[in-house]
Every structure is written in C-alpha cells, then in structure tokens.
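The chain is numbered in sequence order, starting from 1. Just follow the structure's listing: the first ligand is 1, and inside any ligand the first atom is 1.
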Amino acid sequence: MSEWWRTAAIYQVYPRSYADGNGDGIGDLAGVRQRLGHIRDLGVDAIWFSPWYPSPMADFGYDVADHRGIDPLFGTLAEAVRLIEEAHDLGLRVIIDVIPNHCSDQHPWFVRGIRDRFWFRPGRAPGLPPNDWQSVFGGPAWTQVEDGEWYLHLFAREQPDLNWTHPAVRADFEDILRFWFDRGVDGVRIDSATMCVKDPALVDAAPDRDEVHDIYRAWRRVADSYDPPRVLIGEVWLPDPARFAAYLRPDEMHTAFNFDFLGCPWDAKALRRCIDDTLAAHEVVGAPSTWVLSNHDVTRHVTRFGRADTAFDFASRGARHGMPVDLALGTRRARAAILLTAALPGSVYVYQGEELGLPEVEDLPSSVRQDPMHTRSAGADPGRDGCRVPLPWSSDLEPSWLPQPSSWAALSVAAQEADPASMLSLYRSALRLRRCLDGPMTWLDLGDEVLAFRRGTVVCMINISPRDVPLPSSTPLLTSEPIGAFLPPDTGVWLLDSGA
Ligand code: NOJ
Ligand code: CA
C-alpha cells in the first residue's frame, strides 16, 4: 500500500537496550540483526530506530557527532545498510531518528568553533547568562565558554542548539535526509520538532514558532522526491490541538506522536475525550492519528497503570516515582490497553519491551542511573533509565549496562514465546488481527465506564469499571483475559459483530 504509514504498527528499537550481539553488555546492530525475527513475528509494519550515530552518549545518542555514520559501540555503516536490507526482506520498513534542534558538542562544527551555526551570545552582566531560559533537563540553558561568551542548549550542555536561520544548517540536514533515504531508509522520526526556531531576540522562550514549518515543508519536498515517497514523523509535544495539527498539513509531516493519549489516565471518560479530541484535530488536516502508550522517555505503562494515579507527565514523574504499584493490576490494564490501542483507527507504536509487559525498573540504585535528566536534576527526577533496561531474551539474564531485575527471567522472550496466555502472545495476536480492522470508528453507548466502538465488522469493548459488564452474544475474536458471559473489570475484547 502506498500510504502504508496511515495504518502502520511501528516498533521502536532503542539500540543500546534491544539485543547485544558481542557480549559487552550494550545492545548493537549485530544484536538487532540476530533478533529481527522477533519484530517480524510481532506482526508490525516498520521499525523506528532511536539514534545509532557516532555520539559521546551524553544523552545516549541524542547528542549526534556525525549524522552520516554509526557509533562503533553499535557497529558500522555497512552493517546498518545490511540491516536495512534485511528488514526490507522481512517486509519491515525502517524509520530512523533525526535530531535537528541540537547536535553534540563533539560535532565538527562546534569543535571547530563555527559559532554562527549555534547560538553564541555575550552574557547580560558579568557571570550572568544572556537570559534566564532553563534547560528541559534542568538548570540554565546556557553554558559559558573560555572567552566569556555563552551558548544555548535547551537540553544538556553537551547538546548545543543549532541556528536554523543559517543556510548551512538547512542545507546540511536536507543532505542528511538524502544520505539515509539513498540507503533505503523509509522515513524519519523528527526529534524535538517544535523547538528548532528561536525568537530572534531570544526573549520569548515559547517553542513552536510559525517559521519552523518552512523547515518541514522543505523536508517534505525531499521526502516526496523519492519513489516511494519517504515519511516524516514528528515528535510534537504541544497542548494546543490546532498548533499540533499544523505540523500535519498535507505539505508537512505525515504523522506525529500522540502524547495526550500516552499521558492519559486509565479512566474511561478521560480516554474517550482524548480519543475524540485526537480524531477531531487530525480530521481537519486529513492526517491519521497515532496511538502511543510508552517510549524511551516515559515511565513504562505497566507501572503507571498499577498506581492509584495512572496519568503521566514529566513535571510530576519525580513525585509519582516510588508510589505503591500493583504490578498484577498494571499488567492486566496493559493487556486491555493494547486491545484498545490496536483497535483505534490510525497508526500504533510499540516501544520495545512493552510486548513483554516489562515494568519500569524503579529501584535502580542512583549509582547506576546515567540519564542526564537524573543527574542534572540532582536526583529530583529519577530520569529515564528505568524504561531503558535491556530486554530479557532468555531466563539466563546477562550482565548489561543497566542491570535487569531477577524477576525478568519470567518475562523473557523465551519464557513467553511458548505460552499462549503471555503478553507476547497477546501482542502478536492483536497486531496481526488489527489488519482486519478497517474504516472509521463509531462509538457504542455502553455507559460511562466502558469504551465500546465498532470498526467495520469488529466491536472493541474495554471495561474500565470495577464491575462485570454483560457481553453481547457475538463471537469473541480476542480477549485480554479469559471471559464467560461477562466482561470482567480492566478487560478488553474484540468481538465479531454479526451486524444485528
Ligand atoms: C526527545 C528524545 O526522545 C529524548 O530522548 C531526548 O533526550 C530529547 N529529545 C533531546 O534530543
Ligand atoms: Ca554490544
């Protein structure tokens, strides 16, 4: 299908933590190549690789030193090209991460001191940065260099922000896109997409200035010059639905991550409102919605759904961290959640490990935590290491860059593969069966605490109430828990609707 991205299921690989091919405790491309079958067997359409470029790893690859290579920790460019071909041979498309807002302080432009491609400014007074902007990772967004000037970094100090008013920056990124598209890459995920353009006077800190859209219109022209056209997917965190949708106009990006859905609490009314708002915002621009439960930046949803407070946002991650978690409940809800997510119209993302029902590893000792969100906030934010612990492939857990809890032996791929009741088996069934779901959704009214909708001949029902709910007599295609005549609490089902 030419517009495959409209309905695609996309699996996110975080290369450092997917599979380790050479036994040094760090995931790599050899490991991904050995374990491509796992992704094919899940029944997804594409893989999105978090950054694999040469990087000092100050932000684990989101600090790129060379956009046209592969970090030696992960492998070589030749291996990446082979991996892309092997994925294609298995019918999987390949999306890579592109990071336009900033690069590494080890990028040749920064090392050579080409200051006009960054945001260098004098301080506003001796010892004081040019303004009071704060880094997303905590602390001031400015770092002073030897001659007294300061440079802007909206993330870590090792990630200087690029100056998108400079034509060389624009030209280089369009060339980077071509470099990878020429090597078979099917699309890019655009990191921090709203932040690239700054107020020229550096007064207004608000991200998302209108001029940013010119960048993506130019990228769309590059993407459309390929056959088949390549795909642009935006990381767009914006509360205003109209400003969000503006990125998805027909001559800009194809899709963007739905972070409202990701942050939504496990609550029927809130979920229904979020779904309706999402569909309405996307309809205006004719773009498909995406549905995301987890990624490499957020608390894994098995853990979120096992807490009394099931919502997610960065500001309160620290406060929620360590709150009591009922993992059995969180897992049960996560099973129902994938039946909801996979039944919705549009595209769906699966973050590596959610198909195993991995929880957040909340008890990593401070001494092993490495994420700059943790270190730069002096521990106030636990950071993102807990969702980046390497996947357990077999019950013999190998030493890895972040230690796996011993309880993960039971959650390993080997342990789950043979078990038809496992989370892995449920994901495989849901992702394969969702290919039969077609067309728009229509809500069915089963009260405030049950999400129920029809798509074609399939009805999806998710019971978010504390009570059993009677089921229609239709044939169940897939259920998240064993069911009889009733749908138990926190359970989902897909029914074949006879049309009665
Ligand atoms: C968003 C990425 O998902 C995150 O992991 C990264 O730290 C920031 N952008 C900065 O690149
Ligand atoms: Ca390795």
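The OD1 atom of D24, the Ca ion (ligand 2) and the OD1 atom of N22 define an angle of 80° (nearest 10 degrees). Take the Ca ion (ligand 2) as the corner point: the lines to OD2 of D28 and to O of I26 open at 100°, to the nearest 10 degrees.
Of the protein's non-hydrogen atoms, the one nearest atom 6 (C) of ligand 1 is D59 OD2, 3.3 Å. Protein heavy atom closest to atom 3 (O) of ligand 1, with residue, atom name and distance, is D297 OD2, 2.5 Å. What sits closest to atom 1 (C) of ligand 1 on the protein, heavy atoms only, is D191 OD1, 2.9 Å.
For ligand 1 and R384, the ligand atoms under 4.0 Å from any heavy atom of the residue are 4 (C), 5 (O), 6 (C), 7 (O). The distance from ligand 1 to the heavy atoms of S192 drops below 4.0 Å at these ligand atoms: 9 (N). Ligand-side atoms of ligand 1 in range of F137: 7 (O), range being under 4.0 angstrom from any heavy atom. Interface atoms of ligand 1 facing H102, defined by a heavy-atom separation under 4.0 Å, are 10 (C), 11 (O). Taking every heavy atom of E235 and a limit of under 4.0 angstrom, the matching atoms of ligand 1 come to 1 (C), 3 (O), 9 (N).
Of the residues Q159, H102, H107, the one that meets the side-chain contact (heavy atoms from CB on, under 4.5 Å) test with D63 is Q159. Checking T341, V292, T290 one by one against F261, the side-chain contact (heavy atoms from CB on, under 4.5 Å) holds for a single residue, T341. Partner of F118 under the ring-ring contact (aromatic ring centres under 6.0 Å, His included) criterion, out of F110, W164, Y151: F110 alone. The ring-ring contact (aromatic ring centres under 6.0 Å, His included) test with Y18 is passed by exactly one of W52, F74, Y351, W393: W393.
Residue contacts with ligand 1, taken as heavy atom pairs separated by less than 4.0 Å, involve R388 solely via side-chain atoms from C-beta onward. If you look at M195 next to ligand 1, there are no close heavy atoms at all, none under 4.0 Å. The proximity of Y14 to ligand 1, defined as any non-hydrogen pair under 4.0 Å, does not occur for either the backbone or the side chain.
Scanning both residues, G69 and W180, for their nearest heavy atoms gives O-CZ2, 4.0 Å. Smallest separation of non-hydrogen atoms from V44 and A9: CB-O, 3.4 Å. Between S347 and A8 the shortest heavy-atom distance is OG-O, 2.8 Å.
Using modelled atom types, one finds a donor on one side chain and an acceptor on the other under 3.5 Å when comparing T143 with H153.
Comment: D371 does not engage R369 in a salt bridge, judged by the lack of any side-chain N to carboxylate O separation of less than 4.0 angstrom.
At most 12 heavy atoms of other shown residues, nucleotides or ligands fall within 6.0 angstrom of atom CZ in R157.
Within the structure, ligand 1 lacks M373 among the residues with a heavy atom less than 4.0 angstrom away.
Nearest N/O/S atom of D20 with respect to the Ca ion (ligand 2) is recorded as OD1.
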